[in-house]
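Input: a single structure, listed below in structure tokens.
Chain naming here is simple, since letters A, B, ... match the order of the sequence lines and numbering starts at 1 in each. This is a predicted model, so every value here is computed, not measured.
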Amino acid sequence: MSSEQRHAPTEDDLTATRRAKLAELRAQGWSYPNHFTPTKHAGELHAAFGETDGAQLDEAKHPATVAGRVVAKRAFGQASFVVVEDVTGRIQTYLRRDQLTPEEHALAKSLDLGDLIGVAGWVFRTRTGELSVHGTSVVLLAKCVHPLPEKWHGLTDVEIRYRKRYLDLIANGAESRPVFLSRSKILAGIRSFLVARDYVEVETPILQSIAGGAAARPFLTHHNTLDMELQLRIAPELFLKRLLVGGFERVFEIGRNFRNEGISTQHNPEFTMLEFYQAYATCDDLLPLVEEMIGGLALALHGTTKVKYGEHDIELGAGWTRLSLIDAAAAAAGCAPHDLRNEPKARAVAQQHGVPIPPGAGAGGIATALFEHFVEPTLIQPTFVTGFPAEVSPLARANDDDPFVVDRFELYVVGRELANGFSELNDPDDQRARFLKQLENRGQGDDEAHPMDEDYVHALEHGMPPAAGCGIGVDRLTMLLCNAQSIRDVVLFPLLRPAAKA
RNA sequence: GAGCCGUUAGCUCAGCUGGUUAGAGCAUCUGCCUUUUAAGCAGAGGGUCCCGGGUUCGAUCCCCGGACGGCUCACCA
């Protein structure tokens, strides 16, 4: 390739070199072998022989076959040290000419960082004391034709980490993999917690004709043969409650919700939510359940209910603070609680503090805006906020003594909403009226107002047992328990714009 | 959607006030090396300085526009 001639952007030289090696192997008949069975993981070998001295190992010559990715290679003329990484960790292999066929020796010399190989041999300890596998055969399992990120600094470009998560896992596996293992444990922990309490796991539609159950804008899609507009669900709530009508008494679903909104460190357009519903329970019954679940998950993951999140030390052991939304908002805004029940007065308070008033908001909506503005960011330790205005809770049951509010709570930790639960509204006429009120708000410009769902009201008209339900954002819970500052660090493949065409 | 910041070799990063041929380490290639530990030694190759305009004798650098990303804000969980 002449240097004065500006060649078209062809393949990178590093990749070309590796492809040439691959072509050579193929010419010799190699073709991505399918049958290879390792007998040991790296972690097993370290666990079994980590304390065994070299003389004993030489005596016993324990056989071992390992497989994994080449993550380091130190080659000499007639021998090489090749470090292989599998899901449990790393093990060094030692490949020398006098133990291999000529073809294997040539392969060992041509190995690139990133290749997947299998090595059979015996366990030994090198002169410098490192536990290794002395190879008697080596086979290439898959070729890596692209150069991998540098071994010392790893991959720091966050865009590539999210876009090509496999590279993040290869290059930064020690840091990024544990988060996803923890996420798996959290999901399993939630399931076993609820199943142990007689909850039934169910799956409800993601494709819905009216996406309801939350205040959010949906994604739109289309069914071709039915020629039908569909929306991706924004919450499973209304279907889970139809199941309560049908006779299930305790149900839960862990699933993806889709909300057509902005992206931030705390928002991914698709996110995982746990929702659970219990008949013959009230809102108050759920608080201890949530405490126990989240505290138990922390204990299972970390062995303690104290977790570190950024600068904060969070105590997730039971006994969380409880706070009334209206009282807290009034205290922060320096007015009397009853002022926030009166729309003109509430409006004046908000204007006095320069807090924007949502379109169509009445006293309840304004009180909530004040709460979110002043109080929410200050709730660092786990706090249950109760007494939400009915106006902002179209699916929750009004309080018997004070119909201005509903029997509802939200859980806040490190200034973020983590869970939302309430006694369910099972009065179909009240539900219809609330939906109509939401339609009014929609007319006034609130495009996240809840749509009318006659089918759901019709279900309620058959009688839904008194019940309470709760939703927990699994991604945010994982962030909290894994000390992750961005939701993209706990979602394997976060949504990104398509990469610019290079 | 708005504001601020960023984008230089495959990766991690330098690059002065605008100056001639844009550097380093790792990685790669060639040679030597049968117990290394970020192996070593000798040599070599590798760049659309994110893209498009503008200013200038001259732009990686200054100005304008755009793409992508990060952070903050707004909305939600």
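Within the nucleic acid shown, A:Ser80 has no heavy atom closer than 4.0 Å to any nucleic acid atom. In this structure, A:Asn260 reaches neither bases nor backbone, as no heavy-atom distance under 4.0 Å exists between it and the strands shown. Note on A:Phe258: nothing from the nucleic acid sits closer than 4.0 angstrom, heavy atoms only. Among the atoms of the strands shown, none is found under 4.0 Å from any heavy atom of A:Gly471. Among the heavy atoms of the strands, none lies under 4.0 Å from A:Gly473. Counting any heavy atom pair closer than 4.0 Å across all strands shown, A:Ala171 reaches no nucleic acid atom. Contact annotation for A:Asp98: base contact, defined as any heavy-atom pair under 4.0 Å involving a base atom. Looking at heavy-atom distances under 4.0 Å, A:Glu417 makes contact with sugar-phosphate atoms alone, never a base. A:Arg488 comes within contact range of the sugar-phosphate backbone alone, with a heavy-atom separation under 4.0 Å but no base atom that close.
The base-pairing partner of B:U36, taking Watson-Crick or G-U wobble contacts with both distances under 3.5 Å, does not exist among the strands shown. B:C4 and B:G70 make up a base pair, with Watson-Crick or G-U wobble contacts both under 3.5 Å. If you check B:U28 for Watson-Crick or wobble pairing at under 3.5 angstrom, you find it paired to B:A44. In this structure, B:C62 forms a base pair with B:G54, meeting either the Watson-Crick or the G-U wobble geometry with both donor-acceptor distances under 3.5 Å.
A donor-acceptor contact closer than 3.5 angstrom links the side chains of A:Gln485 and A:Asn483.
In this structure, of B:A77, B:A27, B:U34, it is B:A77 that holds the atom nearest to the side chain of A:Ile487. Of the candidate nucleotides B:G69, B:A77, B:U12, B:A77 has the atom nearest to the side chain of A:Met273. Listed nucleotides: B:G69, B:C11, B:U36. Nearest to the side chain of A:Glu159: B:G69. Between B:A38, B:G46, B:U34, one nucleotide has an atom nearer to the side chain of A:Asp13 than all others, and that is B:G46. Of the candidate nucleotides B:C29, B:A27, B:U36, B:U36 has the atom nearest to the side chain of A:Arg74. The listed nucleotides are B:U36, B:C71, B:A27; the one nearest the side chain of A:Phe76 is B:U36. Of the candidate nucleotides B:U35, B:U36, B:U28, B:U28 has the atom nearest to the side chain of A:Leu14.
OP1 or OP2 of B:A27 has at least one side-chain nitrogen or oxygen of A:Lys151 nearer than 4.0 Å. In terms of phosphate contacts, A:Arg497 brings a side-chain nitrogen or oxygen within less than 4.0 Å of OP1 or OP2 of B:G69. An OP1 or OP2 oxygen of B:C13 is reached within less than 4.0 angstrom by a side-chain nitrogen or oxygen of A:Thr156. Considering only side-chain N and O atoms, A:Ser264 lies nowhere under 4.0 angstrom from the phosphate OP1 or OP2 of B:C73.
A salt bridge links A:Arg183 with A:Asp475: the closest approach of a Lys/Arg side-chain nitrogen to an acidic carboxylate oxygen falls below 4.0 angstrom. A salt bridge links A:Lys143 with A:Asp112: the closest approach of a Lys/Arg side-chain nitrogen to an acidic carboxylate oxygen falls below 4.0 angstrom. Using a 4.0 Å cut-off between a side-chain N of Lys or Arg and a carboxylate O of Asp or Glu, A:Arg233 and A:Glu275 do not qualify as a salt bridge.
In the interface, the side chain of A:Arg127 is not paired with the base of B:U35 through any donor and acceptor atom under 3.5 Å apart. At a cut-off of 3.5 angstrom, the base of B:U28 holds no donor-acceptor pair with the side chain of A:Thr17. You'll find a donor-acceptor pair under 3.5 Å spanning the side chain of A:Gln92 and the base of B:U36, going by distance alone.
The aromatic ring of A:Phe81 sits over the base of B:U36, with ring centres less than 5.5 Å apart and planes inclined by under 30°.
Between the CG atom of A:Leu167 and the P atom of B:G10 there is a distance of 14 Å, given to the nearest Å. With rounding to whole Å, A:Leu95 atom CG is found 15 Å from B:U34 atom P.
Across B:G18 and B:A42, the matching C1' atoms stand 39 Å from one another, rounded to whole Å. The separation of B:G15 from B:C49, taken at their C1' atoms, amounts to 10 Å, rounded to a whole angstrom. Here the separation of B:U30 from B:G46, taken at their C1' atoms, is 15 Å to the nearest Å. Annotation: B:G66 and B:U7 have their C1' atoms spaced 14 Å apart (nearest Å).
Ring planes of A:Trp320 and A:Phe384: tilted class, angle from 30 to 60°. Ring geometry for A:Tyr199 against A:Phe252 counts as perpendicular: the plane angle is over 60°, on a 0 to 90° scale with 30° as the lower cut.
Within 6.0 Å of atom NZ in A:Lys185, 12 or fewer heavy atoms from other residues, nucleotides or ligands are found, so the atom counts as exposed in its surroundings.
Judged purely by atom type and a 3.5 angstrom limit, A:Thr93 has no side-chain atom pairing as donor or acceptor with the backbone of A:Val133.
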